[in-house]
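Contents: one structure, followed by commentary.
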Amino acid sequence: MTSISPQTTIDLYARAGVNYYLTESDLEGADDTTGNARVGFDLTHRFSERLRFSSRNFIAYEMEPEYSYGISNQRGIDPYTYWSTDNSIGYRWTERVASYTGLAFTGYSGDSAGSDRDSWSAYHQMRYQLTPRTVLTGQYRYTVWGGDASESTNHYITGGFEHRLSATSILVASAGVQLRDVDGGESSSSPYLEAAVSSQ
């Protein structure tokens, strides 16, 4: 369901499904069939032509989630309850320069030992309108992971772009470095890359 007014856009959605695995898992206790469901609520409110507030929220019951996008990238034993909220303020400084500053929280819990985790992130992104279809981005994100597994503090410094492929599709890509400090472990740095194509 979508509600659109001159200042506010609201999206409310729900989905349900079933996963059936054609091959047996090597993991003891894994079922061939599992259900999954997700409910989400997104809100964008424009205070003015320059200032806007965005909020993206969902809660899901699904197999082992991919931590950024909530999709299963490996086969687990039990489904998890997975939730996320991402809230940001966007401001257009000039015709070409804008920024987003936000705060995000995620968490998931399952029946397996050591499976409960949560995180919070604070981020700031600068945006430059290179062409009518392409935006250059630079971002810093500070993320703290906690829970039953090892706790860590992460700094992400990335640069990238968003390119509108059509009226309904967009390509988003960024690359940079992740600086990770694990409680009771060793600090490390790693290359960081993400890319996605979204179509409405």
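The figures that follow rest on heavy atoms only: side chains count, while hydrogens, waters and symmetry mates do not. Note that the coordinates shown come from a computational prediction; the quantities given were computed from them, not determined experimentally.
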Measure the shortest side-chain to side-chain distance between Thr8 and Phe53 over non-hydrogen atoms and say whether it is less than 4.5 angstrom.
no
Shortest non-hydrogen contact from Glu151 toward Gly146
CG-CA, 3.7 Å
With rounding to the nearest 0.5 Å, note down the distance linking CG in Leu43 to CZ in Arg56.
12.0 Å
Membership question, hydrophobic clusters at under 4.5 Å side-chain separation (ILVMFWY): are Tyr91 and Phe47 in the same one?
yes
CZ of Arg180 to OG of Ser189: how many Å apart, nearest 0.5 Å?
12.5 Å
One pair to check against side-chain hydrogen bond (donor to acceptor under 3.5 Å, both in side chains): Thr106 and Ser119. What are the steps and the verdict?
CA-CA 5 Å; Thr106 63; Ser119 75; 2.6 Å; yes
Give the cluster check for Phe161 versus Leu130: same hydrophobic cluster or not, with ILVMFWY residues linked at side-chain heavy-atom distances below 4.5 Å.
yes
Are Phe41 and Ile10 packed together at the side-chain level, in the sense that at least one heavy-atom pair is separated by less than 4.5 angstrom?
yes
Val97 and Tyr128: side-chain contact (heavy atoms from CB on, under 4.5 Å), yes or no, with the steps?
CA-CA 5 Å; Val97 178; Tyr128 180 77; 4.0 Å; yes
Assess whether side-chain contact (heavy atoms from CB on, under 4.5 Å) is satisfied between Arg46 and Thr9, documenting all intermediate values.
CA-CA 9 Å; Arg46 297 162 187 83; Thr9 300; 3.7 Å; yes
Are Trp83 and Trp145 connected, step by step, through hydrophobic side chains (Ile, Leu, Val, Met, Phe, Trp, Tyr) whose heavy atoms are closer than 4.5 Å?
no
Sidechain-backbone polar pair: Arg141 side chain, Tyr123 backbone, donor-acceptor under 3.5 Å:
no
Take atom CH2 in Trp93; do more than 12 heavy atoms of anything else shown fall under 6.0 Å from it?
no
So which atom in Asp181 and which in Ser187 form the shortest heavy-atom distance, rounded to 0.1 Å?
OD1-OG, 3.1 Å
CA sep, side-chain torsions, deciding dist, call: Tyr82, Phe58, ring pair (Phe, Tyr, Trp, His ring centres under 6.0 Å):
CA-CA 8 Å; Tyr82 181 42; Phe58 72 82; 5.5 Å; yes
side-chain hydrogen bond (donor to acceptor under 3.5 Å, both in side chains) between Ser190 and Gln178: does it pass, once the steps are laid out?
CA-CA 5 Å; Ser190 305; Gln178 174 189 3; 5.0 Å; no
In the structure I gave you, are the side-chain heavy atoms of Thr137 and Tyr100 within less than 4.5 Å of one another anywhere?
no
Within-4.5 Å side-chain heavy-atom neighbours: Tyr156 and Gln139
no
Check whether Leu136 and Val177 end up in the same hydrophobic cluster, where Ile, Leu, Val, Met, Phe, Trp and Tyr are linked by side-chain heavy atoms less than 4.5 Å apart.
no
Are Ile59 and Trp120 joined in one hydrophobic group, where the rule is that I, L, V, M, F, W and Y side chains link up if heavy atoms are under 4.5 Å apart?
yes
Are side-chain heavy atoms of Tyr13 and Asp42 found at a separation under 4.5 Å?
yes
What are the two closest non-hydrogen atoms of Arg50 and Thr94, and how far apart are they?
NH1-N, 4.0 Å
Could you give the distance from CG (Asn154) to CG (Leu179), rounded to the nearest 0.5 Å?
9.0 Å
Is there side-chain contact between Tyr142 and Thr153, with at least one heavy-atom pair below 4.5 Å?
yes
Closest approach of Ala175 and Leu193, non-hydrogen atoms and distance?
CB-CD1, 3.9 Å
Do Asp118 and Phe105 make a side-chain contact, defined as non-hydrogen atoms from C-beta onward lying under 4.5 Å apart?
no
Do Asn87 and Leu103 touch side chain to side chain, with heavy atoms closer than 4.5 Å?
no
State, to 0.1 Å, how close Ser166 and Arg133 come at their nearest heavy-atom pair, and which atoms those are.
N-NH2, 4.3 Å
I'd like to know whether Ser84 forms a side-chain hydrogen bond (donor to acceptor under 3.5 Å, both in side chains) with Asp86, so could you lay out the CA-CA distance, the side-chain angles of the two residues, the decisive distance to 0.1 Å, and finally the verdict.
CA-CA 7 Å; Ser84 174; Asp86 186 342; over 6 Å; no
Where do Arg92 and Ala98 come nearest, in terms of heavy atoms and distance?
CA-CB, 3.9 Å
